[in-house]
Structures are given as C-alpha cells and as structure tokens.
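Here is the structure we will look at, set down as structure tokens.
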Amino acid sequence: MRVICVAGARPNYMKIKPVMDALEERGAEVILVHTGQHYDPAMNDVFFTDLAIRQPDYFLGAGPGSHAAQTGRVMTAFEPLAGQVRPDTVVVVGDVNSTMACALVTAKSGALLAHVEAGLRSRDWSMPEEINRVVTDRVSDYLFAPSADAVGNLQAEGYRDDQIHLAGNVMADTLLANIDRATSGGTLSRLGLKPGGYGLATLHRPANVDDPAVLVPMIRALGEVARLCPLVLPAHPRAADRLHSAGVSSQIRVIPPAGYLDFIALQASARLVLTDSGGVQEETTILGVPCLTLRDNTERPITLTEGTNQLVGRDPASIIAAARGVLTDPPAPRRPALWDGHAAQRIAAALLAGTQAGGRLRPTAIPVAAGAHPG
Ligand code: UD1
Ligand code: UDP
C-alpha cells in the first residue's frame, strides 16, 4: 500500500508523525509531502528535529498569501505530484488550508482520502478552519474522529457508519510518547522559570489578533492576569508585531515561538494556560492543566465536558474572573476515552484493512437535508 501523508503547518507535524510510524510498521510505503505553508525554522524545522520526522520526500513550497492564493498554490503543486506518485491513499490531518487543498485534489484523483481529526465543528463560519473541516470531511473516504462528539457531528451530517472511525486523538499519541523527554530537557531552567510559578499564553486566531480593537483589550486583560501569575507568551509570527504594537505589560514575557518539546514542558508545569489554539486545548486536557480558551466557541467541546478546558470568550472582565477562579480552584484532571496513545495504530489498521478490501468508500450522495451542516 502506497500512502501520501501531507503536512505543512505547525499543528500538522505532531498529528502526522504517529500515523506515518504506524503505517510504516505495518509495511506501507509512506511518502511525506510538505506543502510549505509554514516555513520559518521556529514554525517548521524545529518540529522535524524534536519529533524525529524524516525529511519530506516532496516539498511544494506554497508559502504565505491570501486563502485563495495559498490554497491554489498547494493544489496546483499537489495535483501533478499525486498523478506521478499514484498513491492508494492520501492522509490529511487537521483543518489548515493545506489540508483542504490536498483533500480537494485527492478527491478528483482516484486515490482514497483519509481525514485524521474528522468531525470537529465550531459551527462558526467566520473561521477559515471550519470551512476547511467541512469541505475536507465531505470529500473524504475515511473519517477518523478523535472523540464521540465528532462522530455525532458526522452522523448528524449524514455520513455512512462504514466511513466513520472513532480512532481517538493522534495529538495524544505524540504527547504521551514525548512527555518524559520534554519535561526532562531543562526548558524551565533555561527560561528561569519554576514549576507552577507562571502561566502560559498563546494567541494567533485572526479573530483575536488581526483587529487591534479586539486585541488591545485582550492584552490588557492578560496583563491583569499576569499580576496574579506572571505569563510567558510564545508569539506566533502572525501575532508578534501586533502584540508589540498593542503594548504588552512587563509581566508578560513574550518569547519566540517555542519548539514542540519546550512548549510541552511549558504547558506541563504551568499554573494555567490561556489560549485560542485548537491543539493546546487538547494538550492541556491530556496534561491535566487548567486551560482558558479565549474564543466564543470551540470545535473541541470534549475538552470542556471531559477535560480541563473552560470557554471564556474575549471579554476582559470574564478572562480575569476565570483566571482568578482556576488559580484558586483548579479543575480536576480528566481525559476523554481513546486519548490513550494508540490512535494512530487504529488508523493504520483501518487503512490497511480498507485497502485490502479494495473499493471506494466515498458516498455517491448524501441526502441534502441530512447532509446540511447543522451550524
Ligand atoms: C495557520 C492555520 C491555522 C492554524 C495555524 C497554526 C489556515 C487557514 N490557518 O494559521 O488554522 O491554527 O496555522 O499555527 O490554514 N508566517 C510566518 N512564518 C511562518 C508561517 C507564517 O511569518 O513560518 C506569517 C506570515 O506572515 C503569514 C502569516 O503568518 O502570512 C499567516 O500564516 P498562515 O499559514 O497563512 O496562517 P496562520 O495564521 O499561521
Ligand atoms: N506549539 C508549539 N510551540 C508554540 C505554540 C504551540 O510547539 O509556541 C504546538 C502545541 O504544543 C501544539 C501545536 O503547536 O502541539 C498547536 O498548534 P497551533 O496552536 O499553532 O495551531 P492550532 O492547533 O490552533 O491549529
């Protein structure tokens, strides 16, 4: 079985690595395609080093740009490559533009398409990722859901049961495989931090960082939180300049984007995490660390109901009140079912079984009413 695995942006690498390993352990020929959506050493190279991901077999060099330009560049470069490599299956992960671009090409190519992290829904159409998720799921043959709520979303949208696989969370596979290495690597002492002596913050969603009218009050709220517990903020390149213009309080230590092992170490020993990241909501739940999500919705509600996450929104008073709350009364650690470190094994087994059975799984028609997106 020949499989193309696609990655290209920071949150892809930790998802694709265990899937590649599990496929190769079962004898599949794995071809790694890097779209080039992220390219800075701190957003890209460090993850290859930290996670021991081998160099990509093909590099599409998409780079930055508008949604149409970036998506189009990935599609234009991926189409001839897929034609040349002729994979049995293409695996895409997550919800970034690279995911949807390669999904659309694959759907018209004759190869089977597998979506890892299928079925997540924020029901917020202003999020580019929501469009990427819905489109990718719609053209996928295999829908690998991380949690039962994601399975429920897919069923409600009319997907067939034989397409939907409750696989568990591949982010947990990578986190559990690397936690000991991460926490023994000296990250905290290098940064002069003490376990439990700081909070961690990340912000990069366009809805939070692109408009100063939204960002400035949020940064002021983080400044208030930092008076209770000093904050470390590894700044995504999208946000870095804007954070500085917004006037960050001296209690917030802005550092460059952290590598994977450093960032896991920072999460594991934080008193609280404030974030708008998708993956960080999951990792804090796995680590049992309190997380405040600075968004109005989440595509990962399982982290609210079966984890340590709290949806706080963007209102400064709510952020400060929630931070006070978890600092005095942290939530009890809990972990959703199948976030057990073996999701990629289940995915690889299903892909191999599907290939042996042959045939196309994509539905020819989903009834319009059932297929309508419930948001
Ligand atoms: C993308 C994903 C988002 C994900 C985030 C993870 C989409 C629509 N968005 O958002 O879902 O949460 O990655 O980090 O796919 N830049 C650099 N260096 C880099 C990469 C980006 O400087 O290595 C800067 C560029 O100015 C670029 C901007 O960041 O224009 C945005 O990058 P882009 O990949 O388009 O979107 P992200 O905001 O990173
Ligand atoms: N991450 C990291 N360094 C950072 C911030 C995040 O290694 O400075 C990791 C984090 O541990 C998680 C992933 O990046 O595994 C989440 O990616 P990101 O927040 O960029 O994207 P999202 O999950 O929101 O799509």
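Index from 1, following the sequence. No experiment lies behind these values; they were computed from the predicted model shown.
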Does some side-chain heavy atom of [Y] sit less than 4.5 Å from a side-chain heavy atom of [X]?
X    : Y    : answer
V3   : V91  : yes
H115 : V93  : no
S147 : P336 : no
I16  : V6   : no
L188 : P195 : yes
T284 : Q267 : yes
D340 : N169 : no
M1   : T89  : yes

Within the distance-only criterion (no hydrogens, no angle test), does the side chain of [X] pair as donor or acceptor with the backbone N or O of [Y] below 3.5 angstrom?
X    : Y    : value
R181 : D50  : yes
T328 : G325 : yes
Q281 : S277 : yes
N12  : G8   : yes
N178 : T174 : yes
R253 : L191 : yes
S98  : Q37  : no
D315 : S318 : yes
R295 : N208 : no
S189 : G186 : yes

Hydrophobic clusters here meaning ILVMFWY residues chained together by side-chain heavy-atom distances under 4.5 Å, can you tell me if [X] and [Y] are in one?
X    : Y    : value
V85  : L60  : yes
L287 : V232 : yes
L311 : I319 : no
M43  : L200 : no
I179 : V273 : yes

If you compare all heavy atoms of [X] against all heavy atoms of [Y], which two are closest, and at what distance to 0.1 Å?
X    : Y    : value
N309 : C291 : OD1-O, 3.3 Å
Y142 : G354 : OH-CA, 3.2 Å
P257 : P237 : CG-CD, 4.2 Å
G223 : I252 : N-CD1, 3.7 Å
L166 : A148 : CD1-N, 3.9 Å
R238 : H204 : CD-O, 3.3 Å

Below 6.0 angstrom between ring centroids: does that apply to F48 and Y13?
-> yes
When K17, R2, R54 are each screened for salt bridge (Lys or Arg N to Asp or Glu O under 4.0 Å) with E24, the one that passes is R54
Are more than 12 heavy atoms, taken from residues, nucleotides or ligands other than [X], located less than 6.0 Å from that residue's [atom1] atom?
X    : atom1 : value
R220 : CZ    : no
D57  : CG    : yes
R227 : CZ    : no
R26  : CZ    : yes

Decide whether [X] and [Y] meet the rule of one side-chain donor and one side-chain acceptor closer than 3.5 Å.
X    : Y    : answer
T355 : D88  : no
D262 : T187 : yes
D173 : H342 : no
T285 : T303 : no

Check this for me: does any side-chain nitrogen of one of [X] and [Y] sit under 4.0 Å from a carboxylate oxygen of the other?
X    : Y    : result
R300 : E282 : yes
R123 : E130 : no
E79  : K108 : no
E157 : R121 : yes

Given the rule in the side-chain contact (heavy atoms from CB on, under 4.5 Å) test, do V326 and Q310 qualify, once you have shown the distances and angles that lead to the verdict?
-> CA-CA 9 Å; V326 293; Q310 195 180 321; 3.7 Å; yes
ILVMFWY clustering at 4.5 Å (side-chain atoms), partners of V96 = none
Stepwise, does the side-chain contact (heavy atoms from CB on, under 4.5 Å) test hold for M14 with L51?
-> CA-CA 8 Å; M14 51 296 288; L51 298 174; 4.2 Å; yes
